[in-house]
Amino acid sequence: MENRTYNDHVLLLEGLKVTQQSTYPAFTLLLITYIFIMVANIGLIVLISMERSLHQPMYILLCNLPLNDIVGATALIPRLLWDILTTAPERYITYIECVIQAFCAHLFGTTSHTVLMIMAFDRYVAICNPLRYATIMTNKMVIRLSVSAWGVAIVLVGILLGLTIRLSRCRSNIFNPYCDNASLFKLSCESVLINNMYGFTFTVVLFVSSIGSISLTYLKIAIVCLSSKNSSLNSKALTTCSTHLLVYLIVIGFGVTIIILHRFPKYAELGQMCSVLFPVIPTCLNPIIYGLQTKEIKQRIFRVFHRAKVAA
(Lines give C-alpha, C1' and ligand atoms only; values in the text may rest on other atoms or scores of the structure.)
Protein backbone atom coordinates (compact mmCIF):
# COMPACT_ATOMS: atom_id res chain seq x y z
CA MET A 1 0.00 0.00 0.00
CA GLU A 2 1.30 3.42 -0.90
CA ASN A 3 2.55 5.40 2.12
CA ARG A 4 0.67 8.66 2.68
CA THR A 5 0.15 11.03 5.57
CA TYR A 6 -3.25 12.61 5.01
CA ASN A 7 -6.08 12.09 7.47
CA ASP A 8 -8.08 9.49 5.53
CA HIS A 9 -5.10 7.16 5.15
CA VAL A 10 -6.37 3.54 5.15
CA LEU A 11 -4.69 1.10 7.52
CA LEU A 12 -4.77 -2.69 7.68
CA LEU A 13 -5.94 -3.91 11.07
CA GLU A 14 -4.89 -7.34 12.33
CA GLY A 15 -8.16 -7.78 14.23
CA LEU A 16 -9.15 -10.70 16.41
CA LYS A 17 -7.45 -13.96 15.51
CA VAL A 18 -9.94 -16.83 15.29
CA THR A 19 -9.87 -20.08 13.33
CA GLN A 20 -12.35 -20.67 10.52
CA GLN A 21 -14.14 -23.31 12.58
CA SER A 22 -14.61 -20.99 15.57
CA THR A 23 -15.66 -17.91 13.56
CA TYR A 24 -19.42 -18.17 14.09
CA PRO A 25 -19.28 -19.48 17.70
CA ALA A 26 -16.89 -16.63 18.61
CA PHE A 27 -19.09 -14.09 16.84
CA THR A 28 -22.26 -15.37 18.54
CA LEU A 29 -20.67 -15.41 22.00
CA LEU A 30 -19.22 -11.91 21.62
CA LEU A 31 -22.49 -10.55 20.22
CA ILE A 32 -24.53 -11.97 23.12
CA THR A 33 -21.96 -10.58 25.55
CA TYR A 34 -22.16 -7.12 23.95
CA ILE A 35 -25.97 -7.14 24.08
CA PHE A 36 -25.83 -8.12 27.77
CA ILE A 37 -23.29 -5.36 28.50
CA MET A 38 -25.50 -2.72 26.89
CA VAL A 39 -28.75 -3.92 28.46
CA ALA A 40 -27.26 -4.34 31.95
CA ASN A 41 -25.37 -1.04 32.04
CA ILE A 42 -28.14 1.04 30.43
CA GLY A 43 -30.64 -0.66 32.73
CA LEU A 44 -28.56 0.26 35.78
CA ILE A 45 -28.41 3.93 34.71
CA VAL A 46 -32.17 4.02 33.98
CA LEU A 47 -32.97 2.33 37.32
CA ILE A 48 -30.93 4.85 39.30
CA SER A 49 -32.41 7.73 37.29
CA MET A 50 -36.04 6.65 37.78
CA GLU A 51 -35.96 5.54 41.42
CA ARG A 52 -35.98 8.57 43.72
CA SER A 53 -34.73 6.52 46.64
CA LEU A 54 -31.49 5.98 44.68
CA HIS A 55 -30.94 9.69 44.08
CA GLN A 56 -28.06 9.71 46.54
CA PRO A 57 -24.42 10.76 45.93
CA MET A 58 -23.21 7.15 46.08
CA TYR A 59 -25.53 5.97 43.28
CA ILE A 60 -25.23 9.14 41.19
CA LEU A 61 -21.44 8.70 41.19
CA LEU A 62 -21.99 5.03 40.38
CA CYS A 63 -23.72 6.06 37.11
CA ASN A 64 -20.31 7.13 35.79
CA LEU A 65 -19.14 3.50 35.88
CA PRO A 66 -21.80 1.96 33.57
CA LEU A 67 -21.56 5.03 31.34
CA ASN A 68 -17.83 4.42 30.95
CA ASP A 69 -18.46 0.71 30.35
CA ILE A 70 -20.88 1.59 27.55
CA VAL A 71 -18.31 3.89 25.92
CA GLY A 72 -15.52 1.30 26.13
CA ALA A 73 -17.61 -1.64 24.92
CA THR A 74 -19.19 0.31 22.06
CA ALA A 75 -15.84 1.65 20.85
CA LEU A 76 -14.24 -1.79 20.65
CA ILE A 77 -16.64 -4.74 20.51
CA PRO A 78 -18.64 -3.86 17.33
CA ARG A 79 -15.38 -3.51 15.41
CA LEU A 80 -14.15 -6.84 16.79
CA LEU A 81 -17.42 -8.45 15.67
CA TRP A 82 -16.98 -7.02 12.18
CA ASP A 83 -13.40 -8.26 11.96
CA ILE A 84 -14.36 -11.79 13.00
CA LEU A 85 -16.56 -12.05 9.89
CA THR A 86 -13.98 -10.37 7.65
CA THR A 87 -10.93 -12.09 6.21
CA ALA A 88 -7.56 -10.79 7.45
CA PRO A 89 -6.50 -9.09 4.16
CA GLU A 90 -9.76 -7.07 4.09
CA ARG A 91 -9.74 -5.62 7.62
CA TYR A 92 -9.23 -2.01 6.62
CA ILE A 93 -9.75 1.00 8.87
CA THR A 94 -9.18 4.68 8.15
CA TYR A 95 -6.60 6.56 10.15
CA ILE A 96 -9.26 8.86 11.64
CA GLU A 97 -11.36 5.88 12.76
CA CYS A 98 -8.27 4.28 14.24
CA VAL A 99 -7.41 7.41 16.24
CA ILE A 100 -10.98 7.69 17.53
CA GLN A 101 -10.99 4.04 18.57
CA ALA A 102 -7.61 4.43 20.31
CA PHE A 103 -8.86 7.54 22.13
CA CYS A 104 -12.00 5.74 23.36
CA ALA A 105 -9.99 2.65 24.38
CA HIS A 106 -7.54 4.68 26.48
CA LEU A 107 -10.33 6.89 27.83
CA PHE A 108 -12.18 3.77 28.97
CA GLY A 109 -9.13 2.42 30.78
CA THR A 110 -8.22 5.76 32.39
CA THR A 111 -11.76 6.67 33.45
CA SER A 112 -12.18 3.24 35.03
CA HIS A 113 -9.53 4.35 37.55
CA THR A 114 -10.64 7.96 38.05
CA VAL A 115 -14.31 7.02 38.57
CA LEU A 116 -13.40 4.37 41.14
CA MET A 117 -11.20 6.95 42.88
CA ILE A 118 -14.07 9.44 43.33
CA MET A 119 -16.35 6.60 44.45
CA ALA A 120 -13.76 5.68 47.09
CA PHE A 121 -13.79 9.30 48.30
CA ASP A 122 -17.58 9.08 48.70
CA ARG A 123 -17.25 5.92 50.79
CA TYR A 124 -14.54 7.55 52.91
CA VAL A 125 -16.75 10.54 53.74
CA ALA A 126 -19.80 8.33 54.41
CA ILE A 127 -17.97 6.05 56.85
CA CYS A 128 -15.31 8.30 58.41
CA ASN A 129 -17.37 11.52 58.54
CA PRO A 130 -21.02 10.40 58.59
CA LEU A 131 -22.26 13.52 60.39
CA ARG A 132 -20.74 15.80 57.73
CA TYR A 133 -21.67 13.60 54.78
CA ALA A 134 -24.72 15.63 53.74
CA THR A 135 -22.82 18.93 53.89
CA ILE A 136 -19.77 17.60 52.01
CA MET A 137 -21.42 15.42 49.36
CA THR A 138 -23.78 18.04 47.95
CA ASN A 139 -25.08 17.98 44.37
CA LYS A 140 -22.42 20.51 43.46
CA MET A 141 -19.67 18.27 44.89
CA VAL A 142 -21.03 15.23 43.03
CA ILE A 143 -20.96 17.19 39.75
CA ARG A 144 -17.42 18.43 40.47
CA LEU A 145 -16.19 14.91 41.20
CA SER A 146 -17.81 13.49 38.06
CA VAL A 147 -16.50 16.28 35.83
CA SER A 148 -13.01 15.93 37.31
CA ALA A 149 -13.00 12.14 36.76
CA TRP A 150 -13.89 12.54 33.08
CA GLY A 151 -11.98 15.80 32.56
CA VAL A 152 -8.66 14.48 33.88
CA ALA A 153 -8.99 11.33 31.75
CA ILE A 154 -9.87 13.28 28.59
CA VAL A 155 -6.92 15.68 29.04
CA LEU A 156 -4.38 12.93 29.77
CA VAL A 157 -5.53 10.74 26.87
CA GLY A 158 -5.83 13.77 24.58
CA ILE A 159 -2.17 14.65 25.17
CA LEU A 160 -1.19 10.99 24.70
CA LEU A 161 -2.88 10.77 21.30
CA GLY A 162 -1.89 14.33 20.35
CA LEU A 163 1.79 13.43 20.61
CA THR A 164 1.15 10.47 18.29
CA ILE A 165 -0.93 12.32 15.68
CA ARG A 166 1.92 14.81 15.12
CA LEU A 167 4.15 12.01 13.76
CA SER A 168 4.42 11.27 10.05
CA ARG A 169 3.65 7.71 8.97
CA CYS A 170 5.66 5.27 6.88
CA ARG A 171 3.76 2.06 7.66
CA SER A 172 0.15 0.96 7.31
CA ASN A 173 -0.25 -2.22 9.40
CA ILE A 174 -1.78 -2.30 12.90
CA PHE A 175 -0.55 -5.48 14.60
CA ASN A 176 -3.21 -5.52 17.28
CA PRO A 177 -6.85 -6.63 17.65
CA TYR A 178 -7.85 -2.94 17.81
CA CYS A 179 -6.20 0.46 17.59
CA ASP A 180 -4.31 1.86 20.56
CA ASN A 181 -1.64 4.50 21.07
CA ALA A 182 1.32 2.13 20.83
CA SER A 183 0.03 0.67 17.55
CA LEU A 184 -0.40 4.16 16.10
CA PHE A 185 3.03 5.56 16.91
CA LYS A 186 4.64 2.36 15.61
CA LEU A 187 3.39 3.43 12.18
CA SER A 188 6.00 6.19 12.21
CA CYS A 189 9.68 6.00 11.30
CA GLU A 190 10.46 9.08 13.40
CA SER A 191 11.81 9.03 16.95
CA VAL A 192 9.06 8.14 19.44
CA LEU A 193 11.14 8.87 22.55
CA ILE A 194 8.76 11.63 23.68
CA ASN A 195 5.78 9.32 23.18
CA ASN A 196 7.41 6.57 25.25
CA MET A 197 8.40 9.00 27.99
CA TYR A 198 4.93 10.52 28.25
CA GLY A 199 3.25 7.10 28.01
CA PHE A 200 5.44 5.77 30.83
CA THR A 201 4.85 8.87 32.99
CA PHE A 202 1.12 8.75 32.26
CA THR A 203 0.89 5.08 33.30
CA VAL A 204 2.98 5.55 36.46
CA VAL A 205 1.06 8.66 37.60
CA LEU A 206 -2.32 6.99 36.94
CA PHE A 207 -1.50 3.74 38.73
CA VAL A 208 0.34 5.36 41.65
CA SER A 209 -2.50 7.86 42.16
CA SER A 210 -5.13 5.16 41.83
CA ILE A 211 -3.50 2.52 44.05
CA GLY A 212 -2.22 5.11 46.52
CA SER A 213 -5.49 6.99 47.01
CA ILE A 214 -7.66 3.88 47.26
CA SER A 215 -5.21 2.10 49.59
CA LEU A 216 -5.08 5.16 51.85
CA THR A 217 -8.88 5.44 51.77
CA TYR A 218 -9.41 1.83 52.79
CA LEU A 219 -6.72 2.05 55.44
CA LYS A 220 -8.56 4.97 57.09
CA ILE A 221 -11.90 3.17 56.72
CA ALA A 222 -10.41 0.04 58.32
CA ILE A 223 -9.04 2.07 61.24
CA VAL A 224 -12.45 3.68 61.83
CA CYS A 225 -14.25 0.30 61.67
CA LEU A 226 -11.77 -1.43 64.00
CA SER A 227 -11.98 1.36 66.56
CA SER A 228 -15.79 1.51 66.37
CA LYS A 229 -18.16 -0.73 68.27
CA ASN A 230 -21.05 0.21 66.00
CA SER A 231 -22.03 -3.06 64.30
CA SER A 232 -24.38 -1.24 61.91
CA LEU A 233 -21.55 1.00 60.68
CA ASN A 234 -19.20 -1.93 60.24
CA SER A 235 -21.83 -3.93 58.34
CA LYS A 236 -22.55 -0.99 56.03
CA ALA A 237 -18.84 -0.45 55.43
CA LEU A 238 -18.28 -4.13 54.65
CA THR A 239 -21.17 -4.24 52.17
CA THR A 240 -20.45 -1.06 50.21
CA CYS A 241 -16.66 -1.25 50.34
CA SER A 242 -16.39 -4.93 49.37
CA THR A 243 -18.39 -4.23 46.21
CA HIS A 244 -16.22 -1.25 45.27
CA LEU A 245 -13.00 -3.08 46.13
CA LEU A 246 -13.95 -6.14 44.05
CA VAL A 247 -14.61 -3.97 40.97
CA TYR A 248 -11.34 -2.10 41.54
CA LEU A 249 -9.31 -5.32 41.87
CA ILE A 250 -10.72 -6.55 38.54
CA VAL A 251 -9.74 -3.27 36.82
CA ILE A 252 -6.27 -3.06 38.38
CA GLY A 253 -5.67 -6.77 37.77
CA PHE A 254 -6.33 -6.45 34.05
CA GLY A 255 -4.31 -3.24 33.83
CA VAL A 256 -1.22 -4.65 35.53
CA THR A 257 -1.42 -7.91 33.55
CA ILE A 258 -1.61 -6.09 30.20
CA ILE A 259 1.32 -3.81 31.11
CA ILE A 260 3.51 -6.73 32.25
CA LEU A 261 2.73 -8.89 29.21
CA HIS A 262 3.38 -5.91 26.90
CA ARG A 263 6.99 -5.87 28.13
CA PHE A 264 7.61 -9.48 27.05
CA PRO A 265 7.33 -9.99 23.25
CA LYS A 266 7.12 -13.78 23.61
CA TYR A 267 3.79 -13.32 25.42
CA ALA A 268 2.43 -10.94 22.76
CA GLU A 269 -0.57 -13.14 21.88
CA LEU A 270 -1.51 -13.59 25.54
CA GLY A 271 -1.22 -9.82 26.00
CA GLN A 272 -3.50 -9.24 23.02
CA MET A 273 -6.06 -11.65 24.45
CA CYS A 274 -6.03 -9.80 27.78
CA SER A 275 -6.43 -6.46 25.98
CA VAL A 276 -9.51 -7.88 24.20
CA LEU A 277 -10.98 -9.26 27.44
CA PHE A 278 -10.50 -5.95 29.29
CA PRO A 279 -13.46 -4.18 27.63
CA VAL A 280 -15.52 -7.37 27.89
CA ILE A 281 -15.17 -8.97 31.34
CA PRO A 282 -15.20 -5.89 33.63
CA THR A 283 -18.06 -4.30 31.68
CA CYS A 284 -20.03 -7.55 32.12
CA LEU A 285 -19.22 -8.02 35.80
CA ASN A 286 -19.64 -4.43 37.03
CA PRO A 287 -23.45 -4.24 36.71
CA ILE A 288 -23.78 -7.78 38.11
CA ILE A 289 -21.58 -7.01 41.11
CA TYR A 290 -23.31 -3.73 41.92
CA GLY A 291 -26.75 -5.07 41.09
CA LEU A 292 -26.49 -8.14 43.32
CA GLN A 293 -24.23 -6.86 46.11
CA THR A 294 -25.83 -3.45 46.73
CA LYS A 295 -28.94 -4.03 48.84
CA GLU A 296 -30.87 -0.95 47.66
CA ILE A 297 -30.28 -1.62 43.95
CA LYS A 298 -31.10 -5.32 44.35
CA GLN A 299 -34.40 -4.45 46.07
CA ARG A 300 -35.36 -2.05 43.28
CA ILE A 301 -34.52 -4.63 40.60
CA PHE A 302 -36.72 -7.24 42.30
CA ARG A 303 -39.49 -4.64 42.68
CA VAL A 304 -39.34 -3.77 38.96
CA PHE A 305 -39.54 -7.46 37.99
CA HIS A 306 -42.41 -7.98 40.44
CA ARG A 307 -44.34 -5.08 38.91
CA ALA A 308 -43.77 -6.47 35.41
CA LYS A 309 -44.94 -9.91 36.55
CA VAL A 310 -48.09 -8.51 38.16
CA ALA A 311 -48.84 -6.39 35.07
CA ALA A 312 -48.51 -9.45 32.86
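As a basis for the values below, the full set of heavy atoms in this structure was taken, side chains included, without hydrogen atoms, waters or symmetry mates. Values in this document were obtained by computation on a predicted structure and should not be read as measured data.
Under 3.5 Å, the side chains of Thr19 and Ser22 contain a donor-acceptor pair of N or O atoms. Side-chain atoms of Asn68 and Ser112 include a donor-acceptor pair closer than 3.5 Å. Between the side chains of Ser275 and Gln272, no donor-acceptor pair of N or O atoms lies under 3.5 Å.
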(request) Mind running side chain to side chain contact (heavy atoms under 4.5 Å, CB included) on Ile100 and Ile96 for me, showing each step along the way? (result) CA-CA 6 Å; Ile100 293 172; Ile96 292 295; 3.9 Å; yes
(request) Under the side chain to side chain contact (heavy atoms under 4.5 Å, CB included) rule, what do Leu245 and Tyr218 come out as? Steps first, then yes or no, please. (result) CA-CA 9 Å; Leu245 187 59; Tyr218 278 110; 4.0 Å; yes
(request) For side chain to side chain contact (heavy atoms under 4.5 Å, CB included), just list the numbers for Phe108 and Val71, CA-CA rounded to whole Å, side-chain angles, deciding distance to a tenth of an Å, and then say yes or no. (result) CA-CA 7 Å; Phe108 165 68; Val71 171; 5.5 Å; no
(request) Give the intermediate values and the outcome of side-chain hydrogen bond (donor to acceptor under 3.5 Å, both in side chains) for residues Thr86 and Asp83. (result) CA-CA 5 Å; Thr86 308; Asp83 289 339; 4.9 Å; no
(message) One pair to check against side chain to side chain contact (heavy atoms under 4.5 Å, CB included): Leu116 and His244. What are the steps and the verdict?
(response) CA-CA 8 Å; Leu116 288 169; His244 175 271; 3.9 Å; yes
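Taking both residues in full, the closest heavy atoms of Ala153 and Leu107 are given as CB-CD1, 3.7 Å, listed atom of the first, atom of the second, then distance. Leu61 and Ser146 get closest at one heavy-atom pair: CD2-OG, 3.7 Å. Annotation for Glu190 and Leu167: closest pair OE1-CD2, 3.7 Å, computed over non-hydrogen atoms. The two residues Met117 and Ser209 have their closest heavy-atom pair at CE-O, 3.8 Å. What you find for Lys17 and Glu14 is that their closest heavy atoms are CE-OE2, 3.1 Å. Looking at every heavy atom in both residues, Ser213 comes nearest to Ser210 through OG-O, 3.2 Å.
Here the side chains of Phe278 and Leu76 are not in contact, with every heavy-atom distance at 4.5 Å or above. Side-chain contact between Ser183 and Phe175: absent, with no pair of heavy atoms (C-beta onward) separated by less than 4.5 Å. Using a 4.5 Å heavy-atom threshold, the side chains of Leu30 and Val280 count as touching. Taking the side chain as every heavy atom from C-beta outward, Phe103 and Asn181 never approach each other to under 4.5 Å. In this structure, Phe207 and Ile252 have side chains that are in contact, with non-hydrogen atoms separated by less than 4.5 Å. Thr164 places none of its side-chain heavy atoms less than 4.5 Å from the side chain of Leu160. Side-chain contact between Val18 and Phe27 is absent, with no heavy-atom pair separated by less than 4.5 Å. Ser172 is not listed as a side-chain neighbour of Leu12, based on a closest heavy-atom distance of 4.5 Å or more.
A single hydrophobic cluster is not seen to contain both Phe185 and Tyr198; linkage of ILVMFWY side chains at heavy-atom distances under 4.5 Å, directly or through other members, places them apart. Following chains of ILVMFWY side-chain contacts shorter than 4.5 Å, one can reach Leu31 starting from Leu16, so the two form part of one hydrophobic cluster. Residues Phe254 and Val256 fall within the same hydrophobic cluster, defined by Ile, Leu, Val, Met, Phe, Trp and Tyr side chains chained together at heavy-atom separations under 4.5 Å. Cluster membership for Leu246 and Leu277, using ILVMFWY side-chain heavy atoms within less than 4.5 angstrom, is shared. In the hydrophobic cluster analysis, where Ile, Leu, Val, Met, Phe, Trp and Tyr join through side-chain heavy atoms closer than 4.5 angstrom, Leu187 is grouped together with Leu163.
Looking only at distances, no side-chain donor or acceptor of Tyr290 sits under 3.5 Å from a matching main-chain atom of Val247. The main-chain N or O of Asn286 is never found under 3.5 Å from a side-chain atom of Asp69 such that the two would form a donor-acceptor pair. Checking side-chain atoms of His106 against main-chain N and O of Asp180 turns up no donor-acceptor pair under 3.5 Å. Asn196 places no side-chain N or O within donor-acceptor distance of the main-chain N or O of Leu193, the cut-off being under 3.5 Å. A donor-acceptor contact shorter than 3.5 Å is absent between the side chain of Glu90 and the backbone of Thr87. When atom types are taken as modelled, the side chain of Gln101 and the backbone of Ala75 share a donor-acceptor pair closer than 3.5 angstrom. Checking side-chain atoms of Ser148 against main-chain N and O of Leu145 turns up a donor-acceptor pair under 3.5 Å. Listed for the Tyr24 side chain is no donor-acceptor partner under 3.5 Å among the backbone atoms of Gln21.
In this structure, Arg79 forms no cation-pi arrangement with Tyr178, as its terminal cationic atom is not both closer than 6.0 Å to the ring centre and no more than 45° off the ring axis.
Distance CE/Met197 to CD1/Ile194: 8.0 Å, rounded to 0.5 Å. The CG atom of Leu67 sits 8.5 Å away from atom SG of Cys63, with the distance rounded to the nearest 0.5 Å. Between the CG atom of Leu219 and the CD1 atom of Ile214 there is a distance of 13.5 Å, given to the nearest 0.5 Å. Interatomic distance, Ile174 CD1 to Tyr95 OH, rounded to the nearest 0.5 Å: 8.5 Å. Once rounded to the nearest 0.5 Å, the distance linking SG of Cys179 with CG of Leu13 reads 5.0 Å. Here CD1 of Ile37 is found 11.0 Å from CD1 of Ile42. Values are rounded to the nearest 0.5 Å.
When Ile260, Leu261, Ile259 are each tested for a side chain to side chain contact (heavy atoms under 4.5 Å, CB included) with Thr257, only one passes: Leu261. For the side chain to side chain contact (heavy atoms under 4.5 Å, CB included) with Pro57, the qualifying choice from Ile136, Leu62, Val142 is Val142, the only one to do so.
Residues passing the disulfide (SG to SG under 2.5 Å) test with Cys274: none are found, sequence neighbours excluded. Remark: Cys189 engages Cys170 in a disulfide (SG to SG under 2.5 Å) (not counting sequence neighbours).
Among pairs with a residue in residues 123-145, none fulfils salt bridge (Lys or Arg N to Asp or Glu O under 4.0 Å), at least two apart in sequence or across chains.
Enclosure of atom CE in Met273 is not indicated, since only 12 or fewer non-hydrogen atoms of other residues, nucleotides or ligands lie within 6.0 angstrom.
Ring planes of Tyr124 and Phe121: tilted class, angle from 30 to 60°. The aromatic rings of His113 and Tyr248 sit perpendicular, their planes meeting at an angle over 60°, well past the 30° parallel limit.
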